[in-house]
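Report on the structure given below.
Here is the naming used below: chain letters follow the sequence lines, and residue numbers restart at 1 for every chain.
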Amino acid sequence: MARTGSRIVLIGGSTVGGLTTEKALRFTARLIGEMGGLPEVFAGPEIDLPMYVPENPERTPMARRIVDALRDCDGIVIASPGYHGTLSGMIKNVLDYAEDLAKDPSPYFHGRVVGLIGAARTARDLGTVLMSLRSVVHALRGWPTPLGVAIDAKTPAFDADGNCLIPALAEQLRLLAEQVMEFAGKRALLERAFTPVHDADFLAWE
Amino acid sequence: MKYRPYVVGIGGTTRAGSSTEKALRHLGREVERLGARWEIFCGTQLLFPSYKADNPERAPAARAMVDAIRDCDALVIASPGYHGSFSGLIKNALDYAEDLAGDSRPYLSGRAVGCIAGGFGWQAIGTTLASLRTVVHALGAWPTPMGVAINTSMKVFDESGEVVNPDVRAELHALAEQLVEFARMRHAYTPRQ
């Protein structure tokens with residue numbers, strides 16, 4: 001019951017569509033759909049937004065769609081390739097648009113779970129890309145899932161239809177999807193029970 | 001009966017009244033105001049032998065800390081930044097979480113973990129916080145969105161050890177809220193046998 005209907009926004013990939021990160025993201029979206037969630041994917045070239053310029057209020061339709069989806073969602077998944085040991089500039093730029101959520105009642109990613117996926121060609125970059133993503137999530141006030149999934153991009157991990165070829169990886173992505181769905185479901189129940197969620201409300205809990 | 005989450009804190013240095021210990025005590029009072037129980041293990045209480053996976057002997061103090069962590073609904077780790085990361089004392093205490101590997105809730109799973117980093121300057125604080133969070137992930141837990149920085153190059157505490165820096169007070173308050181909120185959320189919406 002708690003798991004149904006959670007709106008999960010998935011963002012990731014690279015300017016070249018259909019590579020490992022994007023496939024992992026779409027595979028995760030499929031799992032979330034199977035778990036009763038409502039995934040919405042923004043991936044690959046479509047999220048190649050103009051560089052975020054704080055003093056410029058103009059937004060492309062896609063930038064507006066992404067920000068609106070983030071504003072209304074219950075959970076988020078971000079998948080980035082590891083470029084020079086950290087997330088790509090394209091992904092970071094999309095995340096910079098979260099600044100448009102600064103004045104929301106739930107600012108930035110407040111109260112939302114964020115699952116993280118990193119794909120890189122070296123073990124060293126796998127560790128550091130996940131760590132960088134987590135630092136960004138903390139700065140945006142979100143809750144990074146316990147599990148972050150690191151994918152070795154040297155080994156083909158998905159077939160042309162998006163099926164995962166590595167059982168251990170499929171299992172990790174399933175666990176990630178579960179952690180996102182579980183938190184999102186519980187948080188939604190909580191928000192419904194106590195609105196707005198502030199410490200004073202918790203004093204009266206139960 | 002009203003649910004009172006149990007919050008455990010570990011941290012500090014071997015020097016009594018270290019900044020991270022003072023921050024932990026302040027946080028304890030904050031979570032208590034939010035309806036939680038709390039207990040902290042600080043400084044010399046954490047002077048255990050280096051963790052040896054193949055040796056089942058445990059010092060009584062180590063056993064007490066591991067038992068508390070096993071029972072906790074939320075954990076706080078407060079470490080000074082030594083050479084850009086947590087101290088060996090704190091990491092060794094965390095290594096004892098290996099004793100929770102076979103639990104029904106293995107390691108720290110299902111729990112929110114708050115991280116506090118202290119240091120004489122921002123750089124080591126930032127890297128220490130990031131390192132602490134990495135350990136929290138490795139232990140299967142949920143690091144809170146808020147991580148608290150105690151920069152002792154500024155005035156943070158008064159002579160009695162009270163936190164007087166308004167930013168630090170606000171951060172510790174937010175951390176306390178997030179820890180208690182997460183524990184209550186898990187408790188209220190997790191089916192129990």
query = Which heavy-atom pair separates A:Trp143 from B:Phe182 by the least distance, and what is that distance?
reply =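 In terms of heavy atoms, the two residues are closest at CZ3-CD1, 3.6 Å.
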key: B:Ala130 versus A:Met131, closest heavy-atom pair with distance   =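 Closest approach of B:Ala130 to A:Met131, heavy atoms only: CB-CE, 3.5 Å.
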inquiry  = For B:Ala141, which atoms come within 4.5 Å of any heavy atom of chain A: side chain, backbone, both, or neither?
reply    =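 For B:Ala141, the contact with chain A is made by the backbone alone.
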request  = Please confirm whether the backbone N or O of A:Thr145 pairs with a side-chain atom of B:His137, one donor and one acceptor, at under 3.5 Å?
outcome  =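 Checking the backbone N and O of A:Thr145 against the side chain of B:His137, a donor-acceptor pair under 3.5 Å is found.
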Drop me the distance from [X]'s [atom1] to [Y]'s [atom2], to the nearest 0.5 angstrom.
{"X": "B:Arg186", "Y": "A:Leu190", "atom1": "CZ", "atom2": "CG", "value": "13.0 Å"}
{"X": "B:Ser109", "Y": "A:Gln179", "atom1": "OG", "atom2": "CD", "value": "9.5 Å"}
{"X": "B:Leu129", "Y": "A:His138", "atom1": "CG", "atom2": "NE2", "value": "8.5 Å"}
{"X": "A:Arg187", "Y": "B:Met185", "atom1": "CZ", "atom2": "CE", "value": "6.5 Å"}
{"X": "B:Tyr189", "Y": "A:Phe183", "atom1": "OH", "atom2": "CZ", "value": "12.5 Å"}
{"X": "A:Arg141", "Y": "B:Met146", "atom1": "CZ", "atom2": "CE", "value": "7.0 Å"}

ask   = Between A:Val114 and chain B, which part of the residue has a heavy atom less than 4.5 Å away: side chain, backbone, both or neither?
value =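 No part of it gets close to chain B.
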Heavy-atom count check: over 12 atoms from other residues, nucleotides or ligands less than 6.0 Å from [X] [atom1]?
{"X": "B:Lys52", "atom1": "NZ", "answer": "yes"}
{"X": "A:Arg65", "atom1": "CZ", "answer": "no"}
{"X": "B:Phe120", "atom1": "CZ", "answer": "no"}
{"X": "A:Glu34", "atom1": "CD", "answer": "yes"}

